[in-house]
Structure formats: structure tokens, C-alpha cells
Amino acid sequence: MPIRVMTVYGTRPEAIKCAPVVKALAESPDFAGITVVTGQHREMLDQVNELFGIVPDHDLDVMSHGQSLSGIFARVLAGLDPVLEAERPDAVIVQGDTTTSTAAAVAAFYRQIPVVHLEAGLRSGDLDSPFPEEGNRKLTSQIASLHLAPTTTSRDNLLAEGVPAERIVVTGNTVIDALLETVAKRVPFADPALAEAVDVGRRLLVVTTHRRENWGGAMEGVGRAIARIAREHPDLLVVLPAHRNPVVREAVLPALDGVANVVVTEPLPYGEFSRLMAEAHLILSDSGGVQEEAPSLGTPVLVMRDTTERPEAVVAGTVRLVGTDEERIVDEVTRLLRDPAAHAAMAAGVNPYGDGTAARRSLVALRGLRSGRPGSGPDAGARP
Ligand code: UD1
Ligand code: UDP
């Protein structure tokens, strides 16, 4: 009998990071995969499922505009419980630190179904940043039966909190699996301005922003900083695929109105966005996933946050924390635009997040669920 493994996800980054696992489960005779989306995101989630050819078995369709954290949590909990009752999976995989992820973990835990936490053990050490993600992932760690840690740093965080070593397996981050597969396709850009800029080798500054703790004044400052940088460097093309959240758009976009060398797009399909990251001269972002992906592509990232739960690339030198102060952002971007040696030093950093085999390693760890021995030590046993 195959092991019945349900994967639950709801937002764009979870979808990207779960896709390699969903695919690996579907390809393995040892498993029967069940895919559930909560629909915490709608368009941004569907875009990813479409790219990877995933048709979910269940869609809780919870998204509403202006949704609250408790509202998401309550709808996921209430929506998932009957699905768990009907499907009776042997294990439930949740990914990362979104509200979908923690609510799904709680729903499975309440039905005494083992929770497998993909991308376990990330810690910023600050409950307020990122908010609510640091709290979400710590809650999930309390009730998970198997912790799939992307790096030895995340494994050590879990060990320090008392998680038994045999419940942790270091797998690498599945985002690298998704990225390597997707970027290799070199998909064309639909937007003619992007296609032309890449064709002629124009310098690109790619910007993404959405973090909840940056909403409001900090994000308005980010908008002003981008406008100043663009005006100061007319040779540069700034590309900002805008998050669908209206709160984000209202804060960041007004300052960019009428700035000729800023292109604001809808969220780009992952194929185009991954290629854009590879072609970019520099990325300015508060995204978690982008911090993991860009080092694999040799593109420096300035992170608009004061803390990060992803210290590995900072240590490797590819990623630098610059906070959200307008002046500091302008200074740090300007330095990298004007100083080729400083840029080259960051671009030469190594990628600490994986080699594209994290999904296969995760499946090896999952096989142990049947025997009651899910992991076999901090980084052993998960060889593909
Ligand atoms: C969520 C996650 C965050 C993750 C981010 C990735 C939580 C608490 N937050 O934050 O951890 O980093 O996703 O992007 O789980 N919207 C749409 N269409 C979409 C997606 C969003 O219209 O496809 C709008 C809706 O109005 C929605 C709002 O954006 O109410 C906010 O979405 P939500 O998932 O609550 O928060 P994010 O900031 O996206
Ligand atoms: N991404 C994308 N299209 C875009 C912007 C980002 O496909 O227009 C991808 C990006 O490559 C990364 C993920 O979305 O894999 C990150 O999502 P987000 O920044 O929304 O969430 P976070 O990683 O911060 O939780």
C-alpha cells in the first residue's frame, strides 16, 4: 500500500516550494499524493499551479480582499478538517511559515495525523519580524513529527529548541529544485519593455516588496527611494512586479508614477520572474524566497529588512540587509551601481540553499514515516 501523503499550501511561495514535492510524490510508486490548496492567494497561487501543471484535488478557496490573519486561520481550519476526515492521509506536509501552513498543521495535529514541516527551523529570533511568520513557524515546530530543514543552520536552531535529532532531516531547500528546473527553460518575456531591455543588455534593478511589517510609512519610503534611484540612473531599467495586495500597491506605487525608467507589472509568472532574476544586475527585495534564489543565479540582493531568518547567504556575501530607511536604500543601491568591484564581490558568492535534490531527499525522509522512524539523524539518511 502506498503511503498517502497530503500536501497543503495556499500562497505563491508555498506553491513554488511544494511543487517539486508534489511532482516527486506523483512520480513515486511508494506514495499516493493528495494536493490541497487553501487559496489564501488566488491569482498568484493559480499562476504557479498552472506553470507546474498541478491540478489540486481540493481547493478551500479561502481568499477574501482585506483578509485578516485570524480570518485566514479560521477558514483554513474549518475547511481542511472535513477534507482530512474524508481523505485520511498518513501524513500532511505543510511548508514554511504562512498562516495557511500553521493552520493546516493544527488541523492535522487535531486529527492526530503526523505533520511534516518542509523548510523547518528558520528563525530570525524576533517575534515581530517577520510578522507573523516567525510566530507561525515556531508554532508549527511544536506539533510537527518530521522537520525537513533546508540547511544545517536551520537544523541547529531546532536542536537548540529541543527537537529530537532523529526527527530532523537536512534536505536543502526545494525552492532550488523549482528554480533550476524553471530558469533552464529561458521563457520569453511577455512585456515588450522587458524583452527589449534584456535583448540589449540594459542594466536591470528588480524590486519586490510585500512584507506586512513594512506596510505603511516604511513602504512609502521604499517607493520614494526607487523613484530617486531611477531618476539618478537613466541608463537603468527598474522593474517592479507588484504584489496583488492593494495595501502594498497604495503605499509603494504613487511615488513611481511618471518615472520613465520604472516598469510596474502584474506579478510575473515564475518562469519569467526567475529569468528576470538571472538577467538582473541587482535585486532589491523584502522577499524570503528571492533571498534564497538569487544566490543560485549569481545576482546580488539588497534585503529591505533589519533581520533575516536566512543568514546563510548574508554570511556567503551574496545578500546584504539594508533595512527600510529611504536614505540607506538609495545609498546602498547607488554604491553597487557605481562600484563594479563591490558588485562583483557580491555576485561571486556561493549558493548555500541546495543543489536541486531537496524534493527527492524529502521523499527518502518521508518513507521512514511508515516504520515510525521518519529521520535517521541530523543530516544522514536523506541521501537521494
Ligand atoms: C502572505 C503570507 C506571507 C508570504 C506572502 C507571499 C501570511 C500571514 N502571509 O502574505 O508570509 O510571504 O503571502 O506573497 O500568511 N491578493 C490578491 N490575489 C492574490 C494574492 C493576494 O488579490 O493572488 C490580495 C488580497 O486582497 C489579500 C491580500 O492580497 O487579502 C493579502 O494576502 P495575504 O495572503 O493575506 O497576505 P500577503 O501579504 O500576501
Ligand atoms: N515571484 C514570482 N513572480 C513575481 C515575484 C516573485 O514568481 O512577480 C516568486 C519568487 O521567485 C519567489 C516567490 O515568488 O520564488 C517569492 O514570493 P513572495 O516574495 O511573495 O513571498 P516570500 O518568499 O517573501 O514568502
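Note that the structure is a prediction, hence the values are computed from the model and not measured. Remember, it's 1-based here, ligands and their atoms both numbered in the order they're listed.
Residues Arg360 and Glu27 are not paired through a salt bridge, judged by the lack of any N-O separation under 4.0 Å between the basic side chain and the carboxylate. Taking the charged nitrogens against the carboxylate oxygens, Glu279 and Arg186 do have a contact shorter than 4.0 Å, which makes a salt bridge. Salt-bridge formation is not detected for the pair Glu87/Arg111: no Lys NZ or Arg NE/NH1/NH2 atom is positioned less than 4.0 Å from an Asp or Glu carboxylate oxygen. Using a cut-off of 4.0 Å between Lys/Arg side-chain N and Asp/Glu carboxylate O, Arg42 and Asp46 are scored as salt-bridged.
Ranking protein heavy atoms by distance to atom 13 (C) of ligand 2, first place goes to Ile16 CD1, 3.8 Å. Residue, atom and distance of the protein heavy atom nearest to atom 35 (O) of ligand 1 are Gln67 NE2, 2.8 Å. Shortest contact from atom 3 (C) of ligand 1 to any protein heavy atom: Glu133 OE2, 3.1 Å. Nearest protein heavy-atom contact of atom 7 (C) of ligand 1 is Gln40 NE2, 3.4 Å. For atom 25 (O) of ligand 2, the closest non-hydrogen atom of the protein is Pro13 CG, 3.4 Å. The protein atom (non-hydrogen) at minimum distance from atom 23 (O) of ligand 2 is Gly289 N, 2.7 Å. The protein heavy atom nearest to atom 24 (C) of ligand 1 is Asn245 CA, 3.8 Å. The protein heavy atom nearest to atom 25 (C) of ligand 1 is His65 ND1, 3.5 Å. Among protein heavy atoms, atom 36 (O) of ligand 1 sits closest to Arg212 NH2, 3.9 Å. Here the heavy atom of the protein found nearest to atom 4 (C) of ligand 1 is His210 CE1, 3.8 Å. The nearest protein atom to atom 10 (C) of ligand 2, hydrogens excluded, is given as Glu293 OE1, 3.4 Å; this is a heavy-atom distance. Closest protein heavy atom to atom 39 (O) of ligand 1: His41 NE2, 2.7 Å.
Heavy atoms of Ser287 found under 4.0 angstrom from ligand 2 belong to the backbone as well as the side chain. With a heavy-atom cut-off of 4.0 Å, Glu272 does not touch ligand 2 at all. In Pro132, the part holding a heavy atom less than 4.0 Å from any atom of ligand 1 is the side chain. Contacts between Gln47 and ligand 2, counted as non-hydrogen atom pairs separated by less than 4.0 Å, are absent for every part of the residue. Contacts between Phe273 and ligand 2 below 4.0 angstrom, taking non-hydrogen atoms only, involve the side chain exclusively.
Of the polar atoms of Pro13, none of the N or O atoms is found under 3.5 Å from an N or O of ligand 1, judged by distance alone. At under 3.5 Å, a nitrogen or oxygen of Arg12, whether backbone or side chain, sits near a nitrogen or oxygen of ligand 2. For ligand 2, one of its N or O atoms has an N or O atom of His210 under 3.5 Å away. Checked by distance only, ligand 2 and Pro267 stay at 3.5 Å or farther apart across all their nitrogen or oxygen atoms.
Dense packing is recorded around CD of Glu43, with more than 12 heavy atoms of other residues, nucleotides or ligands lying under 6.0 Å away. Within a 6.0 Å radius of CD in Glu266, more than 12 heavy atoms belonging to other residues, nucleotides or ligands are found.
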Before you tell me yes or no, could you show the steps for Arg211 and Glu133 under salt bridge (Lys or Arg N to Asp or Glu O under 4.0 Å), namely the whole-Å CA-CA distance, both residues' side-chain angles and the distance that decides it to 0.1 Å?
CA-CA 10 Å; Arg211 288 250 88 79; Glu133 290 83 1; 3.1 Å; yes
Evaluate Phe31 against Arg367 for side-chain contact (heavy atoms from CB on, under 4.5 Å), listing each step before the verdict.
CA-CA 9 Å; Phe31 294 96; Arg367 282 196 185 93; 3.7 Å; yes
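Using modelled atom types and a 3.5 Å distance limit, the side chains of Ser129 and Thr307 yield a donor-acceptor pair. Checked by atom type, the side-chain pair Ser101/Thr98 shows no donor-acceptor distance below 3.5 Å. For the residue pair Thr35 and Thr7, no side-chain donor N or O sits within less than 3.5 Å of a side-chain acceptor on the partner. Under 3.5 Å, the side chains of Asp355 and Thr357 contain a donor-acceptor pair of N or O atoms. Counting only N and O atoms by type, the side chains of Arg12 and Ser287 include no donor and acceptor under 3.5 Å apart.
Side-chain atoms of Glu312 and Tyr353, non-hydrogen and from C-beta on, do get closer than 4.5 Å to each other. Within the 4.5 Å cutoff, the side chain of Trp215 has heavy atoms near those of the Asn245 side chain. Considering only heavy atoms from C-beta on, His243 stays 4.5 Å or farther from Thr208 through its side chain.
With ligand atoms numbered from 1 in the order given, ligand 1 contributes 35 (O) to contacts under 4.0 Å with heavy atoms of Ile72. Near Met44, with a cut-off below 4.0 Å to any heavy atom, the atoms of ligand 1 are 19 (C), 20 (C), 23 (O). Below 4.0 Å from some heavy atom of Leu69 lie the following atoms of ligand 1, by number and element: 8 (C). Each of the atoms 7 (C), 8 (C), 15 (O) of ligand 1 lies under 4.0 Å from some heavy atom of Thr99. The Pro246 neighbourhood of ligand 1 comprises atoms 26 (O), with distances under 4.0 Å to a heavy atom of that residue. Below 4.0 Å from some heavy atom of Gly66 lie the following atoms of ligand 1, by number and element: 26 (O), 30 (O). Ligand-side atoms of ligand 1 in range of Ser64: 27 (C), 30 (O), range being under 4.0 angstrom from any heavy atom. Interface atoms of ligand 1 facing Arg42, defined by a heavy-atom separation under 4.0 Å, are 19 (C), 23 (O).
Proximity annotation for atom 18 (N) of ligand 1: of His243, Arg137, Glu43, Arg211, Glu43 comes nearest, heavy atoms only. For atom 2 (C) of ligand 2, the nearest non-hydrogen atom from the set Thr208, Leu276, Leu268, Asp286 belongs to Leu268.
Listed for the Ser154 side chain is a donor-acceptor partner under 3.5 Å among the backbone atoms of Thr151.
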